[in-house]
Structures are given as C-alpha cells and as structure tokens.
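Owing to the predicted nature of the structure, the values given are computational and were not obtained by experimental measurement.
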Amino acid sequence: MNMKTKKIIILSFFLISSIVFPQNKLLKLDYKTLKKEFFDNTSNKAKQKIYAKAFLEKAKKENNRHEIIRGYYYHSLIYKGTQNDLAIKYLDTVIQNSINTNDDVFPNSAYCEKAAILETQFKYKEALENFLIAEQYALTNNRLEDYYNVRYFIGLSKSENLGEVQEAQKIFKEVFNYFKKNNPKSYVYEQVTFALADSYKALKVCDSATYYNKLGYKLSQKSMNLPMLYMFTLNEGANLVLKKKYSIALDSVTRAIPQIKKYQDTPNLMASYFYLGKIYEGLENRKKAIENFIKVDSIHTTNKIMYPELIDGYHYLIAHYKKTGDKEKQLEFLNKYISIDSVFQKNHNNMYKLLVKEYDIPTLVREKENLIQSLQNYNSIYLTVLVVFLLGIGGLVYNHYKTKEKYKARFKEIIQEHQKKQVERVIEKPNLEETIERIEKQESNLIPTTNAPNEVEKRILKNLKVFEFEKRFLKKGITLQSLSKELETNTVYFSKTINAYKEKKFSDYINDLRIDECVNQLQENTNFFKYTIEAIAQEFGFNNEDTFSNAFQKRVKLKPSYFINELKNTIDNQCINKN
C-alpha cells in the first residue's frame with residue numbers, strides 16, 4: 001500500500017466522521033484562531049467538533065489549564081440542544097477544572113449554562129440551584145457585574161418558570177439600578193429593561209409597562225440593537241391589547257413582524273400572531289382572528305413549542321367551531337388544548353394556574369367525549385364507502401412505498417457522492433491558477449469538435465472553467481447572449497462549444513451548475529434549512545420556485561423539499577454518531 005493510498009483511506013475515515021482538516025496542522029494554530037474558527041462555524045457542528053477537539057488537545061499537550069477549561073466548554077456548546085445530558089457532563093468537567101482557579105469566566109458561566117439546559121428539561125428547582133451557586137461564586141470573588149448578570153437569570157427563572165412574577169420584578173429592579181448606574185451600555189441593561197416591562201405587563205400594570213417599553217426602545221435605538229428594538233415594539237403592542245387600544249396595538253405588532261421574520265425568531269413570531277388574533281378579536285374581525293390563531297397552532301405543530309400566555313387562542317378556536325357547527329374542527333382543537341394543558345400542568349404548574357383560572361378542563365373533557373360520540377354516529381353512515389375506498393388506495397400505498405424506497409436510495413447516493421468530492425477537495429485544495437494550468441495541459445492537444453477555430457474553443461473552455469471556479473453562475477439573469485459577451489466570443493461558437501464539450505444545452509448547463517452548488521451548500525450549511533424553497537431558489541440564481549424545483553428534480557432525481565427534509569432528519573444524528 002503506497003503513501004497516497006494510505007492518505008486517501010485516512011481522509012475517507014475522517015470524512016465519514018465529518019468534514020476534517022489534518023489534526024496535526026490544526027494543533028499548530030494559536031488558541032485565538034481555533035476559537036474564531038469554532039464560533040465562525042456555529043451552523044456546522046461537524047466542523048465545530050474538529051476545532052473544539054484540536055483546541056482541547058493543544059491545551060492538554062501544553063498543560064494549559066486555563067485553555068483546557070475552555071476546550072471542555074466548547075464541547076458542551078456543540079451538544080447543547082441536541083444531547084443535553086452530554087453537554088451537562090462537559091459543563092461538570094468545566095466546573096471541576098475551574099474551581100479555585102480565579103478564572104475570569106468560569107465556573108460561573110458553566111453553572112449558568114447548566115442551569116439553562118436544566119430549564120429546557122423542566123428541572124426548574126435544579127436550574128435555580130445552579131444559578132444560586134453561580135451567584136455565590138460571583139459574590140465571593142467580588143465580581144459585581146457577574147453577580148448582577150446571574151441575578152438577572154434568577155429573576156427570569158422565577159418569572160418564566162415558577163410564576164413568581166412579583167418576586168422576580170424586585171430582582172429585575174436591583175439589576176436595572178446597578179446597570180443604569182455602573183454600565184448603561186451593557187446589553188444586560190436593555191434586557192433587564194425588557195424584563196421589567198414584561199413583568200409589569202404580566203401583572204397588568206399597563207402604564208408602568210409602557211414606561212419601560214419606551215425606555216427600552218430608546219436604549220435599543222441608541223445601541224442600534226435591532227432584535228431588542230422589535231422586542232420592545234411587540235411587547236408594547238401586547239400591552240396595548242390589555243389596554244384595549246386595538247388599532248394602535250395593530251400598528252405596533254405589524255411593525256415588529258418583518259424584523260421578527262428577518263431574525264427568524266420563531267417564539268416571538270408565534271407571539272405576534274397570537275396578539276394579532278387578540279387584536280382582531282377586539283376589533284370583532286372574526287375571520288382574521290381565526291386566521292392568526294391558526295397560525296399560532298401551525299407553529300406549535302411544526303416546532304413543538306407553546307407558552308402559557310398564548311393558549312387563549314385555542315379557547316377562541318374551540319368556541320368558534322362550536323358556534324359554526326364544525327364538530328371535527330372543534331374536536332381537533334379540543335384535543336390540542338387538552339394535550340397542551342396536560343403538559344403545562346406538569347411542567348409549568350405554578351405559572352399556569354395564574355393564567356387559566358377561567359378554564360374548566362373537566363367540562364371540556366366531557367364536551368370532547370360528547371363530540372366523539374356525535375362524530376361516531378355521523379361517520380357510521382359512511383363506513384362501507386370508507387372500506388371500499390381503503391381497498392382502492394391499497395395499490396397506491398404500495399406504489400408510494402416503493403417510490404419512497406427509491407428516493408431513499410437516491411438520497412444516500414447523493415450523500416456518498418458529496419463525501420467523495422470532499423475527500424478529493426481536501427487532498428487537492430485547488431486554486432484558480434492551478435485549475436487554469438491544468439486545463440491548458442489537458443487541452444493542449446484539443447481536437448476541434450465544432451466549426452470554431454481550435455484556439456477559440458480552447459479560450460472558451462478556459463474561460464468557462466474560470467466562470468465555474470468563481471461561481472459566477474449564481475448571478476441571476478444569465479443568458480447565452482450575456483455570457484458570450486462577457487467571455488468575449490460570439491453566441492454561435494459559444495453555444496456549439498457548450499453543446500459539444502458539456503453535452504447539454506446552455507440553459508441546462510447553467511441550471512446544473514446552480515443545482516450542484518445548491519446540493520453541496522445544503523449539506524454543508526444548515527442555515528439553509530431555515531429558508532423557504534422560494535428563498536433557496538433566489539439564493540442560487542433562479543427567478544422563481546417552479547423553475548428551481550423543475551431543474552432540481554431533473555438534475556437530482558428528487559424533489560428539493562424531500563431532499564431538504566431528509567437532510568434535516570439525518571444530518572444532526574450523523575454528526576453525533578460520527579463523533
């Protein structure tokens with residue numbers, strides 16, 4: 001086995017684990033560079049693992065305890081949200097290594113991160129205990145700003161998880177006064193201002209909520225903090241709903257929504273639709289109220305998130321469909337409401353009791369049972385028709401199954417092709433100059449296959465390679481005429497050269513380049529999972545979704561929606577299993 005073969009096998013092994021750079025080379029990088037690369041790749045967990053591993057190995061090799069702590073901390077960030085128990089184990093290691101080190105950041109931050117994860121697991125008591133430990137460390141080490149940072153988190157935990165809004169508000173005021181006096185430029189000052197506004201809104205002290213919303217809006221304008229700016233705008237809109245100033249509230253909420261969508265803030269988009277529903281309910285526009293409450297339910301169904309503040313929309317939907325006589329819809333939202341109620345009773349018990357006093361769950365359960373009985377009687381008439389229908393679609397189901405298996409095989413094939421190309425890319429690391437030089441060598445004996453002069457064909461092919469290397473095909477509106485002019489040739493020679501050497505029409509040539517790049521980027525950048533198909537089409541040079549979808553299916557033999565969904569379902573698991 002020669003050295004080149006060994007290198008390919010080694011690179012292939014690491015590529016199966018993820019996209020890999022030679023570890024020995026990474027160890028030569030300084031900590032600052034490794035840290036930058038780690039945080040620059042937040043959307044690519046595979047790459048983050050590589051840099052975190054290199055960072056930790058370098059720190060251990062140099063016996064640098066300060067950086068060893070950070071190496072373990074970076075590992076915890078990788079698994080936060082996907083493997084929370086593993087993330088907590090890394091944070092515990094950070095805590096063990098950082099006790100009595102007088103580190104500027106740890107163990108305080110590790111305790112806070114651990115508490116935040118525990119909150120997502122509904123372990124609110126344990127979370128609060130970790131916040132309190134962090135608070136004590138900050139106080140003992142006389143780090144006042146850290147102390148008030150932790151106090152802010154404790155206030156949030158009491159307010160959002162335990163329903164102790166009044167107690168939380170006292171803490172928020174402490175934190176607010178500290179930062180107002182000592183560091184008004186801190187981002188925490190804006191956040192605690194929002195927390196105060198939100199606490200007054202929760203307690204229905206609307207004028208005080210307005211005061212802090214306006215103050216926070218001015219602070220965010222000054223610091224140009226756009227995400228916080230729309231948060232204050234939305235919060236004031238919700239506050240105005242409580243004041244029953246629906247027209248003004250409508251203006252605030254609709255102004256916030258474009259920014260919420262821009263920053264892909266799903267929880268606040270959900271809240272926006274809820275308050276739009278409440279606004280239209282107040283304006284007696286039933287159609288739009290229903291429309292927005294259903295949007296809230298759609299986000300809940302897709303993202304599996306819900307907040308006690310937002311469940312009133314289900315009460316409205318249940319009442320609406322009861323009034324209109326749509327029993328199936330009424331039952332659908334009854335089931336969802338009772339299911340959400342069950343979860344909240346278990347995980348948000350104290351806070352939930354404050355929000356749902358007017359709801360009589362036993363009555364709703366009885367109503368649900370009556371609806372089911374009514375629907376059973378109604379549907380029995382159609383039972384025979386249903387049986388015949390099911391038999392009729394049996395063949396279709398079988399065909400669908402076979403097609404699904406075929407799609408899965410094709411998806412697997414694409415992933416393997418991508419991995420192979422990644423290996424080649426790591427080995428070759430091509431640049432533009434080398435690419436051109438290689439083209440000139442390959443085409444030195446080019447035999448013309450068109451009526452164009454030999455030198456013209458060579459120049460066109462060389463220019464096309466540069467065009468491909470620089471990914472200029474992603475530009476919108478490329479035509480045969482415009483690219484011919486750009487590459488300084490005529491359309492006849494240019495078209496014939498592409499037909500002869502690329503073996504496809506010009507339009508297919510451009511579309512295939514775009515689709516290949518799209519397929520590659522979808523596998524390397526999970527940010528695209530947040531885009532709509534229309535947005536992805538625009539990103540890769542297509543004018544509309546239909547053209548993109550047709551080109552994608554023609555090239556990849558899969559629908560783009562299927563390919564993206566399969567990536568969503570598998571990529572995180574692949575990264576974890578291949579660690």
query: Does S298 reach the main-chain N or O of K295 with its side chain, forming a donor-acceptor pair under 3.5 Å?
result: no
- request: Please examine the side chains of I88 and Q121, heavy atoms only from C-beta on, and report whether any two atoms are closer than 4.5 Å.
  value: yes
message: Taking I69's backbone N and O only, do any of them form a donor-acceptor pair with N97's side chain (distance below 3.5 Å, no angle check)?
response: no
- request: For K243, look at atom NZ and say whether over 12 heavy atoms of other residues, nucleotides or ligands are found less than 6.0 Å away.
  value: yes
- prompt: Could you give the distance from NE2 (H300) to NZ (K304), rounded to the nearest 0.5 Å?
  reply: 6.5 Å
- line: Quick note, ring-ring contact (aromatic ring centres under 6.0 Å, His included) partners involving residues 272-297, not counting sequence neighbours, are F274-F293, F293-Y316
query: Do the side chain of Q523 and the main chain of V519 share a donor and acceptor less than 3.5 angstrom apart?
result: yes
task: Find out whether R70 and D103 are in side-chain contact, i.e. whether some heavy atom of one side chain is under 4.5 Å from a heavy atom of the other.
output: yes
statement: Sequence neighbours excluded, the answer for ring-ring contact (aromatic ring centres under 6.0 Å, His included) partners of F39 is Y74
field: Student check: side-chain heavy atoms of K336 and E332 closer than 4.5 Å
entry: yes
field: Backbone of D546 reached by a side-chain donor or acceptor of N544 within 3.5 Å
entry: yes
message: Please determine whether side-chain hydrogen bond (donor to acceptor under 3.5 Å, both in side chains) holds for the pair Y230 and D265, giving the CA-CA distance in whole Å, both sets of side-chain angles, and the decisive distance to 0.1 Å.
response: CA-CA 11 Å; Y230 77 70; D265 185 348; 2.7 Å; yes
field: Stepwise side-chain hydrogen bond (donor to acceptor under 3.5 Å, both in side chains) check, T42 with Q48
entry: CA-CA 7 Å; T42 52; Q48 277 200 308; 5.6 Å; no
- request: Using atom types as modelled and distance alone, determine if a side-chain donor or acceptor of S98 lies under 3.5 Å from a backbone N or O of V94.
  value: yes
query: Taking the side chain from T233 and the backbone from L229, do they hold a donor-acceptor pair closer than 3.5 Å?
result: yes
statement: Distance col, row Y137:OH vs Y111:OH, nearest 0.5 angstrom, shows 4.5 Å
task: Rounded to the nearest 0.5 Å, what's the gap from CG on N213 to CE on M231? Could you check?
output: 10.0 Å
message: Determine whether the aromatic ring centres of residues F38 and F55 are separated by less than 6.0 angstrom.
response: no
task: Show the numbers, then the answer: is there a side chain to side chain contact (heavy atoms under 4.5 Å, CB included) between F153 and E119?
output: CA-CA 11 Å; F153 291 128; E119 285 182 326; over 6 Å; no
task: Please list all pairs passing the ring-ring contact (aromatic ring centres under 6.0 Å, His included) test where one or both residues lie in residues 196-220, with sequence neighbours left out.
output: F176-Y212, Y200-Y212
- prompt: When you look at Q264 and Y531, which way does the side chain to side chain contact (heavy atoms under 4.5 Å, CB included) test go after all the steps?
  reply: CA-CA 9 Å; Q264 299 176 351; Y531 289 22; 4.2 Å; yes
Got a list of side-chain donor-acceptor pairs under 3.5 Å for residues 218-227, not counting sequence neighbours?
from	atom 1	to	atom 2	distance (Å)
S220	OG	E190	OE1	3.2
S220	OG	G216	O	3.1
S223	OG	E190	OE2	2.7
S223	OG	L219	O	3.2
S223	OG	S220	O	3.4
N225	OD1	M228	N	3.4
N225	ND2	E190	OE1	3.2

- prompt: So, the side chain of S199 versus the backbone of L196: is there a donor-acceptor pair under 3.5 Å, distance only?
  reply: yes
task: List in chain and number order the residues that pass ring-ring contact (aromatic ring centres under 6.0 Å, His included) with Y147, two or more places apart in sequence or in another chain; answer none if no residue qualifies.
output: none
- request: Side-chain contact test, heavy atoms from C-beta onward, threshold under 4.5 Å: evaluate it for V192 versus Y148 and give yes or no.
  value: no
query: Between OH of Y72 and NZ of K89, what distance do you get to the nearest 0.5 Å?
result: 14.0 Å
query: What do the steps show when you test L91 against I117 for side chain to side chain contact (heavy atoms under 4.5 Å, CB included), and what is the final call?
result: CA-CA 10 Å; L91 288 169; I117 293 173; 3.9 Å; yes
field: Distance, nearest 0.5 Å, that separates CG of D207 from CG of N239
entry: 8.0 Å
Whether F542 and F548 hold their rings parallel, tilted or perpendicular, with breakpoints at 30° and 60°: perpendicular
- prompt: Taking the side chain as C-beta and beyond, is there a heavy-atom pair between K114 and Y90 under 4.5 Å?
  reply: no
query: With side chains defined as the heavy atoms from C-beta onward, is the minimum distance between Y178 and E145 less than 4.5 Å?
result: yes
- prompt: With a 4.5 Å limit on heavy-atom distance, are the side chains of L276 and T254 in contact?
  reply: yes
field: Listed once per pair and sorted, the salt bridge (Lys or Arg N to Asp or Glu O under 4.0 Å) pairs that draw on residues 73-85, sequence neighbours left out
entry: K80-E113
- request: Look only at the side chain of D198 and the backbone of F194, and say whether a donor-acceptor pair between them is shorter than 3.5 Å.
  value: no
message: Could you measure the distance from the SG atom of C518 to the CD1 atom of I564? Nearest 0.5 Å is fine.
response: 6.5 Å
- line: When every non-hydrogen atom of D312 is compared with those of K278, the smallest separation belongs to OD2-NZ, 2.5 Å
message: Check the orientation of Y314 and Y337. Use parallel for under 30°, tilted for 30 to 60°, and perpendicular for over 60°.
response: tilted
query: Taking H315 for the side chain and I311 for the main chain, is one N or O donor matched with an acceptor at less than 3.5 Å?
result: no
For the student: nearest non-hydrogen atoms of S159 and A168, plus distance: CB-CB, 3.6 Å
message: So which atom in I257 and which in S272 form the shortest heavy-atom distance, rounded to 0.1 Å?
response: CG1-CB, 3.7 Å
message: I'd like to know if the side chain of N525 and the backbone of Q521 have a donor-acceptor N/O pair within less than 3.5 Å.
response: no
- prompt: Under a 4.0 Å N-O cut-off, is there an ion pair linking E291 with K288?
  reply: no
message: Quick check: do S252 and L240 have side-chain heavy atoms less than 4.5 Å from each other?
response: yes
- request: Could you give me the CA-CA distance, side-chain angles and deciding distance for S109 and F106, then say whether side chain to side chain contact (heavy atoms under 4.5 Å, CB included) is met?
  value: CA-CA 5 Å; S109 293; F106 300 104; 3.8 Å; yes
